[in-house]
Enquirer: 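Following this message is one structure expressed as structure tokens.
Side chains are part of it too, since the values below use all heavy atoms of this structure and drop only hydrogens, waters and symmetry mates. For clarity, every value in this text was computed on a predicted model and none was experimentally measured. Residue numbers begin at 1 in each chain, while the letters A, B, ... track the order of the sequences.
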There are 2 protein chains.
Amino acid sequence: MTIHQTPSRLVTIADVAREAGVGESTVSRVLRGQGSFSKRAGERVLEAADRLGYVPNRLAGSLAGNADSAGSQLVGVVIPSLTNIVFPDLLRGLTGALDGAGFQSVVGVSDYDPDREEALVAGLLSWRPAALVLTGLEHTELTVTRLRAAGIRIVEMIDTDGPGLDIAVGFSNRAVGHASARHLIGRGYRRIAYVGHDLGRDLRAAKRLAGFEAALAESGLALHARELVGDRSSAASGRAALEALMARVPDTDAVYFSNDDMALGGYFACLGRGWAVPERLALFGCHALDITEAMPQPLSTMRTPRLAIGRAAAEALSAGSPPGTIDLGFELSEGATA
Amino acid sequence: MTIHQTPSRLVTIADVAREAGVGESTVSRVLRGQGSFSKRAGERVLEAADRLGYVPNRLAGSLAGNADSAGSQLVGVVIPSLTNIVFPDLLRGLTGALDGAGFQSVVGVSDYDPDREEALVAGLLSWRPAALVLTGLEHTELTVTRLRAAGIRIVEMIDTDGPGLDIAVGFSNRAVGHASARHLIGRGYRRIAYVGHDLGRDLRAAKRLAGFEAALAESGLALHARELVGDRSSAASGRAALEALMARVPDTDAVYFSNDDMALGGYFACLGRGWAVPERLALFGCHALDITEAMPQPLSTMRTPRLAIGRAAAEALSAGSPPGTIDLGFELSEGATA
DNA sequence: TCGCGCTTTGGCAGCGCTGCCAAGAATTTC
DNA sequence: GAAATTCTTGGCAGCGCTGCCAAAGCGCGA
């Protein structure tokens, strides 16, 4: 092994062409396996490229390529959070499938802030991505304008309760909330409370609650109580919120949580206080996180197809699906807590 | 609002120059706030850019810019997993700080596979990133060769047990394992078992175990038993593995888990079986995930500075820190399970 | 009014790559 | 054997931007 000096200039296609004794275009064709070239040329180029340690410069490639529209093979992704495991799951499905199709993901985290999303979208667009994948259907006016002007494919993940900009992949959060309430009502619970995190920011959770309350109303019921924590969704918040709720409204017989991690915290509160679940208090979550399946009593929750959403988003993009909504549904995970 | 046709050609700097009645260079200077230009020119350019909805093309910018080395403002990131919350945490710290410094992250997930990492690194390098951020110190030979040849800054996160390529930010996994064992020994446990996931892939977990066993050996002890699941780390795996272990070696008095989520699964197993924690069985985890702090008995574990590692990585890059290792340490989270 | 030094400005050559085109080589057809 | 067809190939323009340079504009003292 030789001492390696940082080369003053990286190897370019011209270097490879010289080394292989062919023209630049030939190198380009061989390296992309496109167009026609002789076997001999192919071998020489590949050999030369290896010998020089050539790494193509996609920046240049994308710039030169089809300059009209989607130049690059980058896909911009904006998710609201990495804390809530829901979004890493989405990301996993997305990047997994995107990788397979030869795309790279540029990721931004908006922290549930529309203005932050706006800034991220602007930044991402400057890389001339082939497409942009966002979370949710709500965006600032400027964001929408920019997205329209960019003339690229847009995917909005996780929410199908409303018109999308281009392709929407997800499920109806309203329907999830509605079905959750139906389940609790069916089980005979009547004094049902809600425990959630900041609704102003997490609009999907707000939609679930709206669907939930609608179902209650259909049965002549109303939310027995609600306890909101300003914080982001977490087990600790769920635990604290449930304890606060029960101190305030002790005759509550079931609780609907904004999220499984909140519900897990609630379960911990019950364990700590010795409240029998579901006899004393029933718990119902959302999303069916892996963790809640390992609980002594598996959590009653709604399984949402997070991985599949990410994958479907990627597939819709690489397949060039027409605009529209792809509803992947959800499924009751019966569990043993409600 | 007018009907918006996808423009056949996106607005370029030349369009802005024409609209503003100035030269291209002036537009470039104004837009980047670099070099000198008159107030008047500045205003006209900004106005024109807004009017046309100009979005700079960073592809072109990076290509033209300082072509010698770190052209772009992209930073490549490779993490092994998004399932294990440890990595989203790293990513969060990283992207947060990187955003602040004007970088965008291109993310790849290697799934703990060195060959996959190799492919991802090759792919990321083709975007001529300003730097690359990897996880762990172990890479294929070809990966190392390519990284060296790229002549860019490299950060390796989370592991400081060995020589890094450039900048390493993290903590000593060996030391974590060692300290965990010291704690258990100090508490009087002697029949200590290990429950973990696939060690061949998660090399950091393997290093922790090595440190753990070394500490045991220093006290004249050895691992009482070990139970490995081929699966990835999860609460369900932890639960199943602990039950299998206890069926096999029932006199175990403490268990060291590869990870907090495995430990949480173990805790659930204890709850289900009615094993008193820590009297019948002590549990010790790793990483101090948020969730485990909300448990009725907080998990005894090691708090690792995941967010800080991501942040420190970003800062080392933007500050142009010299090569070397940044050890952020770790901290015992005493909890109540061991 | 002129000349000097400073600020401001526009033109132009690339950055590395791909698409297009036309020329040359190889192959086939009659 | 000549013409027609196909396959290979290299040259060159240009993607949108920035850096460099020289020219133009400006302020001010002599």
Enquirer: For A/Glu315, give me all partners under side chain to side chain donor-acceptor pair (under 3.5 Å), at least two apart in sequence or on another chain.
Expert: none
Enquirer: List, with names and distances, any nitrogen or oxygen atoms from the protein found under 3.5 Å away from nitrogen or oxygen atoms belonging to nucleotides 26-28 of chain D.
Expert:
none

Enquirer: Can you list the residues that meet the side chain to side chain contact (heavy atoms under 4.5 Å, CB included) rule with B/Pro114, with sequence neighbours excluded?
Expert: B/Thr140
Enquirer: Between C/dT9, C/dT18, D/dG16, which nucleotide has the shortest distance from any of its atoms to the side chain of B/Ala64?
Expert: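 Selected nucleotide: D/dG16.
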Enquirer: For A/Ser318, enumerate each residue passing the side chain to side chain donor-acceptor pair (under 3.5 Å) test, keeping only those at least two apart in sequence or located in another chain.
Expert: none
Enquirer: Show me the donor-acceptor pairs, under 3.5 Å and distance only, between side chains in residues 97-112 of chain B and residues at least two apart or in other chains.
Expert:
{"from": "B/Asp99", "atom 1": "OD2", "to": "A/Arg116", "atom 2": "NH2", "distance (Å)": "2.7"}
{"from": "B/Ser110", "atom 1": "OG", "to": "B/Tyr112", "atom 2": "N", "distance (Å)": "3.3"}

Enquirer: Who passes side chain to side chain donor-acceptor pair (under 3.5 Å) against B/Ser28, sequence neighbours left out?
Expert: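 B/Ser28: side chain to side chain donor-acceptor pair (under 3.5 Å) contacts with B/Arg32.
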Enquirer: Using a 3.5 Å cut-off and no angle test, enumerate the donor-acceptor pairs between side-chain atoms of residues 40-49 of chain B and protein atoms at least two apart in sequence or in another chain.
Expert:
{"from": "B/Arg44", "atom 1": "NE", "to": "B/Ala20", "atom 2": "O", "distance (Å)": "3.3"}
{"from": "B/Arg44", "atom 1": "NH2", "to": "B/Ala20", "atom 2": "O", "distance (Å)": "3.1"}

Enquirer: Show every salt bridge (Lys or Arg N to Asp or Glu O under 4.0 Å) that has at least one partner inside residues 75-91 of chain B, sequence neighbours left out.
Expert: B/Asp89-B/Arg92, B/Asp89-B/Arg306
Enquirer: Specify the residues of residues 30-47 of chain A, ordered by number, for which at least one heavy atom lies under 4.0 angstrom from an atom of DNA chain C.
Expert: A/Arg32, A/Gln34
Enquirer: Can you figure out which of D/dG10, D/dC17, C/dC17 approaches the side chain of B/Asn57 most closely?
Expert: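 So the side chain of B/Asn57 is nearest to D/dC17.
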Enquirer: Of the candidate nucleotides C/dG16, C/dT18, D/dC17, which contains the atom at the shortest distance from the side chain of A/Ser28?
Expert: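 The answer is C/dT18, which lies nearest to the side chain.
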Enquirer: Hey, what are the protein-to-nucleotides 20-25 of chain C N/O distances that come in under 3.5 Å?
Expert:
none

Enquirer: What does the inter-axis angle of the helix from C/dT1-D/dA30 to C/dC30-D/dG1 come out as, five pairs per end, nearest 10 degrees?
Expert: 50°
Enquirer: Looking at residues at least two apart in the chain, or sitting in another chain, which of them share a salt bridge (Lys or Arg N to Asp or Glu O under 4.0 Å) with B/Asp166?
Expert: B/Arg153
